[in-house]
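What follows is a short report on a single structure.
Here the structure is a predicted model, which is why all the values come from computation and not from measurement. First the proteins, then the strands, lettered A, B, ... as listed; each starts at 1.
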Amino acid sequence: MEVTARYFAAFREQAGKESERVETRARTAGELYGELAARHGFADPRARCKVAINDELRDWDAELADGDVVLFFPPVAGG
Amino acid sequence: MEVTARYFAAFREQAGKESERVETRARTAGELYGELAARHGFADPRARCKVAINDELRDWDAELADGDVVLFFPPVAGG
Amino acid sequence: MSFRIQDEPIDPRVLEARLRDDRAGACVTFEGWVRDHNEGEAVTALEYEAHEPIAVAEGEKILAEARERFDVLAIHAEHRVGALAIGDCAVWVGVSAAHRGAAFDACRYVIDEIKARVPIWKKEHYADGDSGWVNCATRAPAHRSGPAAKVS
Amino acid sequence: MSFRIQDEPIDPRVLEARLRDDRAGACVTFEGWVRDHNEGEAVTALEYEAHEPIAVAEGEKILAEARERFDVLAIHAEHRVGALAIGDCAVWVGVSAAHRGAAFDACRYVIDEIKARVPIWKKEHYADGDSGWVNCATRAPAHRSGPAAKVS
């Protein structure tokens, strides 16, 4: 399955890119975060981050489908 | 003993005057309020009102001296 | 002086400028507006009356208490007196602080204490021509309150 | 839309006008200002980044929750993105209500939830030339964060 991963703020800087195509066997958004965190060295625990699939916030156990755009949000700091 | 009583807001309207000279045997501000409330028909219980003597807020048991100016404040409603 | 009684319109922009501080991360303001009803009665206008020397002294005391209790950088408050129309700003309280918790808590403390302690009275004029001093059980006889009730 | 993300300076006067309502007796506003320090470090400038579609959707959801929980008349909120200087307004929340309790509670609820839930990130630039994303354990390698750290 191939999905597009998009990175924001600290994740983008750490990955060195805004997005990438990812060939993965991850079944959920959380599994995919685990893979990408290992690859890029993301240090934030999943519970403090958020994920969106195709521009909607989802739980970490949301299932992925081929072609999904998965947005990874590091811990927020509004205000 | 003679003091000057000054009335504000609802008290002034009810008394029909801003101030008056009062010859009294009241020893405290509270006793004087009792006398004047009976005379003018002030209906507010003392606990909800305030009193100042010579421009300083005081307790109702503050003692009066000849020549004092005693200010009677009905319940406040700021804001 | 940080607490003022005034008979000119309150300008929040001018007042907020007094709260500026490079260390401030939060600014909370409260405005009390004259609203068109109170306890089911349609209100057409208001008059505020204050005993200014004691109102200012008590207001300054409240601000000093807030500065002591909460970690704030600046506080300012003003209260209008005189005749006000619906929508006019009757009272303004502004607080700046490094963090928002202290700013919210101090602002709320100050307005609650002003309303409870500062010698300011509010006379409401109602749509039916009647009028009354808010919170006061004492009522002027009808023949005396008549003329004032027609003010709007 | 009552929640906006914008890259132009926030003008509280314009925003407050949206809260006007003859039934309103209370107006509480919160402004978040860029302050010159954070956790002991001297801050020289900030950048805010948002993912706008989700930030707006989540912001509107928070305002709808506040309208449901508290007896308010109007609520509006805006958050800046882009480069900000010390003293700039980063976020504004305003609430009007018949009574002040609901206005204070709703304003506090909205800013607390915005800070916890809306996808907005803050990068601080420090006096020593370093920089960092607030609240994030993830740090860019030094050779990548270098150039950004010189922005001010």
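In this structure, the portions of Leu19(D) lying under 4.5 Å from any heavy atom of chain C include both its backbone and its side chain. Contacts of Asp112(C) with chain D are made by both backbone and side-chain atoms, with heavy-atom separations under 4.5 Å. Contact of Cys107(C) with chain D is made through backbone and side chain together, with heavy-atom distances under 4.5 Å.
Residue Ala24(D) comes nearest to Arg35(C) through the heavy atom pair O-CB, 3.4 Å, listed as atom of the first residue, atom of the second, then distance. Nearest heavy atoms, Phe104(D) versus Phe30(C): CE1-CD1, 3.7 Å.
Judged by the 6.0 Å and 45° rule, Arg23(D) forms no cation-pi pair with Trp33(C).
Arg13(C) places a side-chain heavy atom less than 4.5 Å from the side chain of Pro12(D). Between Val28(D) and Thr29(C) the shortest side-chain heavy-atom distance does not fall below 4.5 Å.
Distance check, rounded to the nearest 0.5 Å: CG of Asp21(D) to CD1 of Ile86(C) gives 11.5 Å. Atom CZ of Arg108(D) and atom CZ of Arg100(C) lie 6.5 Å apart (nearest 0.5 Å).
Judged by distance alone, the side chain of Arg20(D) and the main-chain N or O of Gly87(C) form a donor-acceptor pair under 3.5 Å.
Within a 6.0 Å radius of CG in Asp11(C), other residues, nucleotides and ligands contribute more than 12 heavy atoms.
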